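What follows is a short report on a single structure.
Any value given below was found using the heavy atoms of this structure, including those in side chains, with hydrogens, waters and symmetry copies removed. Owing to the predicted nature of the structure, the values given are computational and were not obtained by experimental measurement.
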Amino acid sequence: MDLSLIFQFLYGLNAHNDRAWFARNRGLYDAARADFTRLIELLIARIARFDGRVNGMDAGKCMFRIYRDIRFSPDKRPYKGYMGAYINPWGKNAMHGGYYFHLEPGGSMVAGGVYCPTPALLKALRRAVADNIDEFRAIVEDTAFTRFYREIGESSVKTAPKGFSKDYPYLQYIRCKDYSVLHTYPDEFFLQGDYLEEVVEGFRQVKRFNDFLNYTVDDFEEDVIS
């Protein structure tokens, strides 16, 4: 699927992020959004081959709005400079890990895992990793996984979290502030026409990581409800 129209729109939007430019180019936005919707539909269908829980998901409900909420932000640009979608059977705002796809000039990516967990959930995830470290390492140190994802978590604390020894041998997996992973791509990757299989393989590797984390999220939510 050709993504050149999407990037044409995003290049223009990032150069002229104002309502006047957007109004003049509304037709280009509508066409780019239609292309992005078709791409997400295609990704849902491909992911469903190895994760049946996403089968039948509505692409439109997975996609994020282009409009920014500027009410409490010092950044008053009215539009996001990217198009993104979170393919997650629990919903875009769920604590569970899913499949995130993001097109942005100079910042396109695929990602997954649990991002911005609450302190209580983060504590539960750290404990699950420590209690099942061999299983966790078998996932995140597999060469098929590390071909896409070299780092676990967007950031980490500097010292051992409370309840863990600084001598714990796999402390790098416990110091994470979140359990997300991402892989970035240059714009050219999506403009060469043969990107789909690579993206789907990246999500295939995320699936094992999500499964590990979501087992703990399920238990955590049950505890919260009870």
Side-chain angles (χ1 to χ4, degrees), residues 1-3 6-7 10 33 35-64 80 82-117 125 128-129 135-154 173 176 178-218:
M1 180 177 173
D2 185 359
L3 302 186
I6 296 175
F7 277 95
L10 291 174
R33 189 178 190 280
D35 279 359
F36 190 72
T37 302
R38 286 193 289 271
L39 175 59
I40 300 307
E41 289 172 345
L42 185 58
L43 285 174
I44 290 171
R46 294 298 299 274
I47 293 169
R49 295 180 184 179
F50 55 83
D51 188 346
R53 290 168 297 188
V54 310
N55 189 41
M57 289 188 67
D58 184 332
K61 293 181 179 179
C62 298
M63 293 161 51
F64 292 96
K80 300 169 185 174
Y82 62 88
M83 287 187 171
Y86 194 28
I87 302 170
N88 188 333
W90 290 272
K92 287 187 295 187
N93 299 316
M95 290 189 289
H96 291 79
Y99 308 92
Y100 180 63
F101 183 74
H102 181 105
L103 290 181
E104 179 180 10
S108 297
M109 71 176 82
V110 296
V114 176
Y115 183 67
C116 288
L125 289 170
V129 170
E135 179 184 354
F136 187 76
R137 290 182 61 217
I139 296 169
V140 302
E141 295 179 11
D142 186 339
T143 55
F145 186 89
T146 59
R147 184 168 78 84
F148 292 92
Y149 312 110
R150 301 284 183 87
E151 300 290 335
I152 308 299
E154 187 175 69
Y173 297 135
C176 300
D178 63 85
Y179 284 91
S180 64
V181 292
L182 65 87
H183 182 80
T184 60
Y185 293 100
D187 300 353
E188 294 76 16
F189 171 76
F190 290 104
L191 296 172
Q192 63 189 6
D194 57 352
Y195 58 86
L196 187 60
E197 291 301 324
E198 178 79 357
V199 168
V200 171
E201 182 58 28
F203 282 143
R204 188 189 305 275
Q205 296 305 319
V206 161
K207 201 260 184 190
R208 297 182 296 160
F209 185 64
N210 283 341
D211 286 347
F212 179 95
L213 300 172
N214 286 341
Y215 185 86
T216 297
V217 177
D218 284 340

Would you say Glu151 has more than 12 foreign heavy atoms packed within less than 6.0 Å of its CD? no
Roughly how far apart are Asn214 CG and Lys207 NZ, rounded to 0.5 Å? 10.0 Å
With heavy-atom distances below 4.5 Å as the criterion, would you say the side chains of Val217 and Val114 are in contact? yes
Using every non-hydrogen atom in the two residues, find where Met57 and Ile44 come nearest and quote the distance to one decimal. O-CD1, 3.6 Å
Pairs flagged by salt bridge (Lys or Arg N to Asp or Glu O under 4.0 Å) wherever residues 178-192 is involved - sequence neighbours left out: none
Results of salt bridge (charged side-chain N to carboxylate O under 4.0 Å, His left out) for Glu201 - residues two or more places apart only: Arg204
Side chains of Val181 and Gln205: does their closest heavy-atom pair fall under 4.5 Å? no
I'd like to check the ring pair (Phe, Tyr, Trp, His ring centres under 6.0 Å) partners of Phe64; sequence neighbours left out, ordered by chain and number. none
Listing, residues 93-101 side-chain donor-acceptor contacts under 3.5 Å, not counting sequence neighbours, or none:
unit_1	atom_1	unit_2	atom_2	d
His96	NE2	Asp218	OD1	2.6
Tyr99	OH	Asp51	OD2	2.7
Tyr100	OH	His102	ND1	2.7

Rounded to the nearest 0.5 Å, what separates atom CG in Asn88 from atom CZ in Arg53? 9.0 Å
Closest approach of Ile152 to Cys176 (non-hydrogen atoms, all atoms of both residues): O-SG, 3.3 Å
Work out which heavy atom in Arg46 is nearest to a heavy atom in Val200; give both atom names and the distance. CB-CG2, 3.8 Å
Around atom CZ of Phe50, are there more than 12 heavy atoms of other residues, nucleotides or ligands at under 6.0 Å? yes
Looking only at heavy atoms, what is the nearest atom pair of Gly112 and Val206, with distance? CA-CG1, 3.8 Å
Got a sec, which residues hit side-chain contact (heavy atoms from CB on, under 4.5 Å) with Leu3, two or more places apart in sequence or on another chain? Met1, Ile6, Phe7, Leu39, Leu103, Phe190, Tyr195
Residues Arg208 and Ile139: closest non-hydrogen pair is O-CD1, 3.7 Å
NE2-OG1 distance between His183 and Thr146, expressed to the nearest 0.5 angstrom: 11.5 Å
Measuring from Lys61:NZ to Lys92:NZ, what's the distance to the nearest 0.5 Å? 10.5 Å
Sequence neighbours left out, what passes ring pair (Phe, Tyr, Trp, His ring centres under 6.0 Å) with Phe145? Give chain and number order. Tyr149, Phe209
Min side-chain heavy-atom separation Tyr179-Val129 under 4.5 Å: yes
Thr216 OG1 to Leu213 CG distance, which is reported to the nearest 0.5 Å: 7.0 Å
Reported CZ-to-CZ distance for the pair Phe203 and Arg49, which is rounded to 0.5 angstrom: 15.0 Å
